[in-house]
2 protein chains.
Amino acid sequence: MEWKLEQNGVASSPAALTGSAKAVFRTLAFSGPSTRPQIGAVLGLSRPTMSAAIAELERLGYVEMIGMVQGPLGRRAVQYRIGPGAGHVIAVDAGSTHVRLRVSTLDRRLLYSHVYRLPVRQFVMNEEISRAVAGQVAAALAQAQPEWGPLRALGIAVPTRVVGPGGDAEASRQNVVFTAFRPPSGVAVVLENNVNCAAVAERYYGAAEGEETFAYIQIGLKIGMGLMLGGQLVRGRSGAAGEIGHLSFPLAPGMEPQAGEVERYLGTESLMVRVRADWPVDAGPPPGDTAELLFLAERGNQAAQRHVDRHAADIGAIVATCVSVVDPGLVVLGGGFGASPLLLPRVRETVNRLSYAAEIRSSLLGADATVLGIERLAIERALSAALGEDA
Amino acid sequence: MEWKLEQNGVASSPAALTGSAKAVFRTLAFSGPSTRPQIGAVLGLSRPTMSAAIAELERLGYVEMIGMVQGPLGRRAVQYRIGPGAGHVIAVDAGSTHVRLRVSTLDRRLLYSHVYRLPVRQFVMNEEISRAVAGQVAAALAQAQPEWGPLRALGIAVPTRVVGPGGDAEASRQNVVFTAFRPPSGVAVVLENNVNCAAVAERYYGAAEGEETFAYIQIGLKIGMGLMLGGQLVRGRSGAAGEIGHLSFPLAPGMEPQAGEVERYLGTESLMVRVRADWPVDAGPPPGDTAELLFLAERGNQAAQRHVDRHAADIGAIVATCVSVVDPGLVVLGGGFGASPLLLPRVRETVNRLSYAAEIRSSLLGADATVLGIERLAIERALSAALGEDA
DNA sequence: CATTCAGCGTTAGGCATCTTAACTAACAAA
DNA sequence: TTTGTTAGTTAAGATGCCTAACGCTGAATG
């Protein structure tokens, strides 16, 4: 085999790695620093094969030695981690109030991060958000150090649905993020819905750690679900899987269901309207937002507790619907309102009454969930790119 | 490598086939009779590799020559198909009114089939059905011919949910099918929910042929959904995915949802109750069952059309719910009532109003869908068994 | 301090599974 | 009969893994 030579005469990344070398690279990325015997045991590879794999990866700068580890007995083993040649990724959460950005190596060592607060809350994906993304990415690119290696992938979490290749990207508004922002050329771009990203993060680092099958349901200003089945994110035919905010409502004999009513009914705006309309005069001033409502409920305020409980029951009915359709076994509740553990008892009671048994947990990751999820997806793409498995 | 010898000295199936031989075997099973160049082109294998693979399979009797095929030019090629050594499968649809049974080779050549009508309709999985299955399987086993080869798998479609390994098989009632029936020992048994089986059949032979992502929704006495996402049947954590008959209902502000009400409301029994209660005196005698109702509607009977239309709208609302949750892109309607094309216009209109765009089609397979689906699943298991990939 | 032993890493050799290249075989059309 | 095309076989080689055996390096031991 002959190497393809670039103009400057430097051999371009051959990317003709053996299967074992690829597996070792992925293991190092996902499990962190490890010794050869550790990786070999996990992957079932012999010591000679490990030697060859590490040699291949070291030649490309994909891994580097970082020290020695002494077991209780015998010679100590060399410890490796992902090297500078493997490069880095940029992950961006293009949210409606903040743009969160992380730059990391493929084994998730943080190189740079920044949170930018939008001057005005945006209610849909628009050019304002696109401009903010452009600015934050430019700032990150300006920070780049030589030892970061090449930028392998840029992940962006967007609040729209995202269609796969061949889908109608116009209808989904997913490309609005690019109106004022042009990603660096030659870099793989990963676009994913923000709720799906949060679900990914909960799976790897949060309340669903290690779970292959679960649903992540976000309840805040908007309602959405990220569905993980058998370790695979479910996107549906046109990226609309989990758009439960668009569920029709009400469903009852003789009543005419309306599209999207669930979001309007369960979203925090309409909740607060009902709270204010039905707040006892002797219960002090009504809460200004859901955080205050939850705070009052936690402190024992009866009116707040009543509203939280009623809303939890409504949420439970929607969760039960999702559970009946896909039987995820585990539901993680997230979002500004949904992540509150105050909801758990009533949601659990409602779901188990209306549907099959499902465990209900509160999110553990808070506002970082989305950016951590898109980081993970960008890293997965970057690994494929570095290993020449794009095609 | 040494062959493990059986007591009679005949070499036991070594089952140490090369990857290419396994791929060739699967291709022959799913694509039917083919020549070596055809298979090689599909799998991207060279001619020497094809030679070796065919030789391996022929030695085991897994494939056999069936003739020569002449192209427009050049030497003619030998055509092969699955051979007797590959064996056969038994597929059983343990339904509430009939037990349908098919015996087939792994490339779906029908060896024997029988439909047994239960004396009395059964409303749940019970010993009566189990006895019928036992009888029908015994009859099939009695018919077995030497040239059928070994029985590799027995598939049974049951009207209960089916939990995976490690699930609570007691709670699902799936094992009731074995109360009066003991499957032949040493044969792989495949148990699957009947609606899921019908979905599999629609995917390979019916209205969803070639589709990787769709939902099959069955509307008859009971309501159920089979979900296919990315070519994988979705079973959920405890086999309850698609149990939309258990959806809670009604969902409306101030109303208390009840578990399982969707089935009671959308099932054909309650439909006919409403039809009879609301049948004009001048419209002739009311229909006795849904088949008559559909017949009258097709003939232009206004009362029948009104009821069909209203029920189609209700079905559309449930379909829209499923579409909003998983975005299958395509929904196939099946079952005694659901398969009628009369429903299509109103279901389409309702779904597209309440949810994302989804294509709606009527089932093409009728009552055979379930047994064809379990046959396919049994064949897939049989292929793995024959290739020694069980573990 | 020398010995022993466990575990790490390398070298040598082998095997399984694929490939390409080159050949023979069989057929239709010229 | 010749020619070109396709089917199938044989030979040789590339790849990617393995096991076996041996040297290296540490801690524990006498």
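A quick note: this is a predicted structure, and the numbers were derived from the prediction, not measured. Every chain is numbered from 1 and lettered A, B, ... according to where its sequence line falls, protein lines coming before strand lines.
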Exercise. List the atom of B/Leu45, the atom of B/Ser20, and the distance in Å for their closest heavy-atom pair.
Key: CD1-CB, 3.8 Å
Send over the distance from [X] [atom1] to [N] [atom2], rounded to a whole Å.
X: B/Lys22; N: C/dT17; atom1: NZ; atom2: C1'; result: 13 Å
X: B/Leu45; N: C/dA16; atom1: CG; atom2: P; result: 19 Å
X: A/Met50; N: C/dT11; atom1: CE; atom2: P; result: 16 Å
X: B/Leu17; N: C/dC18; atom1: CG; atom2: P; result: 11 Å
X: B/Met68; N: D/dG8; atom1: CE; atom2: C1'; result: 11 Å

Practice problem: Mark up nucleotides 2-9 of chain C, 5' to 3', with B wherever a protein heavy atom is under 4.0 angstrom from a base atom, S wherever such an atom reaches only the sugar-phosphate, and - elsewhere. | Solution: ----BBBB
Quiz item: Do the side-chain N and O atoms of A/Gln79 and A/Ser34 include a donor-acceptor pair separated by under 3.5 angstrom?
Solution: no
Quiz prompt | Residues B/Ser104 and B/Arg376: side-chain donor-acceptor under 3.5 angstrom | solution = no
Does a side-chain N or O from [X] land closer than 4.0 Å to OP1 or OP2 of [N], or not?
X: B/Thr49; N: C/dT19; value: yes
X: A/Ser46; N: D/dC18; value: yes
X: B/Thr18; N: C/dT17; value: no

Practice problem: Using the test side chain to side chain donor-acceptor pair (under 3.5 Å), find all partners of B/Glu64 that sit at least two apart in sequence or belong to another chain. | Solution: B/Arg81
Practice problem: Check the pair B/Arg26, B/Ser31 against side chain to side chain donor-acceptor pair (under 3.5 Å), reporting the backbone distance first and the verdict last. | Solution: CA-CA 8 Å; B/Arg26 288 209 147 86; B/Ser31 308; over 6 Å; no
Quiz item: Which residue, B/Arg381, B/Arg109, B/Arg108, forms the salt bridge (charged side-chain N to carboxylate O under 4.0 Å, His left out) with B/Glu375?
Solution: B/Arg108
Practice problem: Test side chain to side chain contact (heavy atoms under 4.5 Å, CB included) on A/Ile156 and A/Val190 and set out the steps. | Solution: CA-CA 6 Å; A/Ile156 311 174; A/Val190 181; over 6 Å; no
Quiz prompt | Candidate pair B/Arg237 and A/Glu212, rule salt bridge (Lys or Arg N to Asp or Glu O under 4.0 Å), full reasoning | solution = CA-CA 10 Å; B/Arg237 189 74 73 94; A/Glu212 301 254 290; over 6 Å; no
Quiz item: With a non-hydrogen cut-off below 4.0 angstrom, is B/Gly44 in contact with a base, only sugar-phosphate, or nothing?
Solution: sugar-phosphate
Contact list (N/O, under 3.5 angstrom) for nucleotides 11-14 of chain D vs protein:
none

Quiz item: Rounded to the nearest 0.5 Å, how far apart are OH of A/Tyr205 and CG of A/Leu365?
Solution: 10.0 Å
